[in-house]
Amino acid sequence: MNDDGTGPGLRCLVTGATGYIGGRLVPELLSAGHRVRCLARSPDRLRDQPWAGDVDVAAADVTRADSVAEAMRDIDVAYYLVHALGSGGDFEETDRRAARIFGERARAAGVRRIVYLGGLTPVGVPERELSPHLRSRSEVGRILLDSGVPTTVLRAAVIIGSGSASFEMLRYLTERLPVMVTPRWVRTRIQPIAVRDVLRLLVGSARMPDDVNRAFDIGGPDVLTYRDMMIGYAAVAGLPHRVVLPVPVLTPRLSSLWVGLVTPVPASIARPLTESLRHEVVCHENDIARYVPAPPGHPIGFDEAVRLALQRVRDAKVTTRWSSASLPGAPSDPLPTDPDWAGGSLYTDRRELAVDASPEALWRVIEGIGGDNGWYSFPLAWAVRGWLDRLVGGVGLRRGRRDAQRLRVGDSLDFWRVEEIEPGHLLRLRAEMRLPGLAWLEMYAERDDRGRTRYRQRALFHPHGLLGQAYWWSVSPFHAVVFGGMARNITRAAARTPPARADERAAAR
């Protein structure tokens with residue numbers, strides 16, 4: 001690499017690599033010839049990524065200066081793609097502190113550029129009138145610009161791409177409601193941008209001249225209202241014309257609950273998205289084109305962005321989703337070790353059954369659990385649990401799966417997250433539903449000492465306080481139906497599963 005940083009192979013640090021944009025940016029940087037280090041609180045969540053062997057991974061937390069300093073060592077360009085998205089009262093302070101640490105550590109390490117993806121803010125609207133989400137993103141941008149490190153802030157409105165929260169919200173609202181009574185923000189003008197253009201601009205920003213230290217508005221070629229976007233989505237998706245009836249009575253809070261009811265996006269994430277649509281979010285300059293020229297066919301228009309996203313969904317090639325990143329407040333404690341765990345009560349429900357099938361057939365059922373395949377046990381009980389979770393602000397049961405057949409560590413799976421996977425043998429899920437404690441579900445495909453296939457299932461619960469104790473004992477009478485039924489139905493499904501093809505057997509290994 002040349003001393004001025006213009007040669008090949010810039011050394012890039014990517015925060016948020018387990019998230020929606022970060023998980024897509026890493027392979028783009030690698031394709032551009034850069035070297036990549038990923039900063040992650042839980043490095044194991046990156047191990048199953050197809051690019052995992054091509055990057056360095058630093059175990060670090062952006063709110064801890066010492067770990068950030070170590071991750072910044074020998075870095076040319078640092079990408080800041082983290083945000084404490086949520087409704088907690090202290091998320092703005094968390095964002096503020098993390099941005100200051102990142103900027104200070106980048107300057108101390110001699111980083112040549114910071115690149116930050118923020119939100120497009122309306123012109124002429126006082127910052128105090130912005131949603132907390134947009135206000136925080138704007139403040140983070142200012143902190144990084146004032147850090148003493150040349151910084152590029154890219155400000156985007158709605159990002160259209162397979163798996164993005166904005167796209168999933170648009171998709172499910174349009175597909176499920178042919179006639180919609182909608183909030184008045186559907187009349188707000190928006191300049192959406194395709195995720196491919198976001199990634200192109202993020203990669204291109206790495207080579208900006210050292211004297212550039214500013215924010216850029218980025219957007220696609222179309223300026224539309226949200227109503228236009230819903231009608232346009234319906235046309236691209238081949239749906240009948242949608243009737244959209246705006247009403248003035250739905251507040252941002254009610255809007256987020258409405259979105260959470262209709263779509264897989266929970267109210268805790270829908271609220272900052274809907275609040276951000278109260279004001280017009282349209283680009284007022286296109287100066288980014290002077291530094292990152294658009295190739296033919298770019299920027300991508302709204303209809304083409306929707307078509308590309310839908311094709312990815314239909315082809316099951318959604319590489320990251322809005323749920324890729326852990327939700328604020330999601331548990332992160334390690335699984336208690338047993339049998340010598342000494343951290344308090346640990347309740348366990350164990351099931352074990354013989355299976356009239358091969359371990360490979362059993363594993364195919366285990367790995368395919370959740371999403372459209374369901375949970376093999378008392379669907380109404382699972383549905384009710386999902387609705388109850390949504391009522392208290394949880395993610396509910398409708399996050400589904402990233403891939404219909406394959407799982408990897410870090411994948412969201414309805415209201416669980418894949419914590420560990422040993423192909424062909426073990427799937428461990430951590431609960432991300434709202435609970436007075438921590439919960440895991442383990443499923444094993446094994447052979448016993450006589451060569452017979454056995455299915456082993458274990459549910460664990462670590463209660464928090466008296467409420468956690470009461471929760472366990474209140475639901476334990478239903479375990480025979482829920483967990484016992486799950487074990488029986490999984491083994492039955494395995495017995496009906498046809499033999500795996502050679503390529504599937506190789507994937508299982």
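Position 1 is the first residue of the sequence; numbering continues from there.
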For this session: For salt bridge (Lys or Arg N to Asp or Glu O under 4.0 Å), just list the numbers for R47 and E420, CA-CA rounded to whole Å, side-chain angles, deciding distance to a tenth of an Å, and then say yes or no.
Result: CA-CA 10 Å; R47 76 173 199 215; E420 182 59 76; 2.3 Å; yes
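Proximity of Y20 to L81: side-chain heavy atoms (C-beta onward) are nowhere separated by under 4.5 Å. Taking 4.5 Å as the limit, every side-chain heavy atom of R105 sits out of range of all side-chain heavy atoms of V149. Side-chain contact between L13 and M72: present, with at least one pair of heavy atoms (C-beta onward) separated by less than 4.5 Å. Y79 has its side chain out of reach of L117: every pair of non-hydrogen atoms, C-beta onward, lies at least 4.5 Å apart. For the pair L154/S205, a side-chain contact is recorded, criterion being any heavy-atom separation below 4.5 Å from C-beta on. Proximity of Y233 to L310: side-chain heavy atoms (C-beta onward) are separated by under 4.5 Å at one or more points.
Between the side chains of H284 and D217, no donor N or O sits under 3.5 Å from an acceptor N or O. Side chains of Y347 and Q469: a donor-acceptor N/O pair is present below 3.5 angstrom, by distance only.
With respect to the salt-bridge test (charged N to carboxylate O, under 4.0 angstrom), the residues D411 and R402 qualify. Between R107 and E104 there is no salt bridge, since none of the side-chain N atoms of the basic residue sits less than 4.0 Å from a carboxylate O of the acidic one.
Interatomic distance, CZ of R207 versus CG of D76, reported as 9.0 Å (0.5 Å rounding). Considering CZ of F483 and OG of S476, their distance stands at 11.0 Å, rounded to 0.5 Å. Distance CZ/R96 to CD1/I101: 13.0 Å, rounded to 0.5 Å. Distance CD/E70 to OG/S67: 9.5 Å, rounded to 0.5 Å.
Using cut-offs of 30° and 60° for the angle between ring planes, the W375 and W416 rings count as tilted.
The closest donor-acceptor contact from the side chain of R401 to the backbone of I369 lies under 3.5 Å.
Within a 6.0 Å radius of CZ in R214, other residues, nucleotides and ligands contribute more than 12 heavy atoms.
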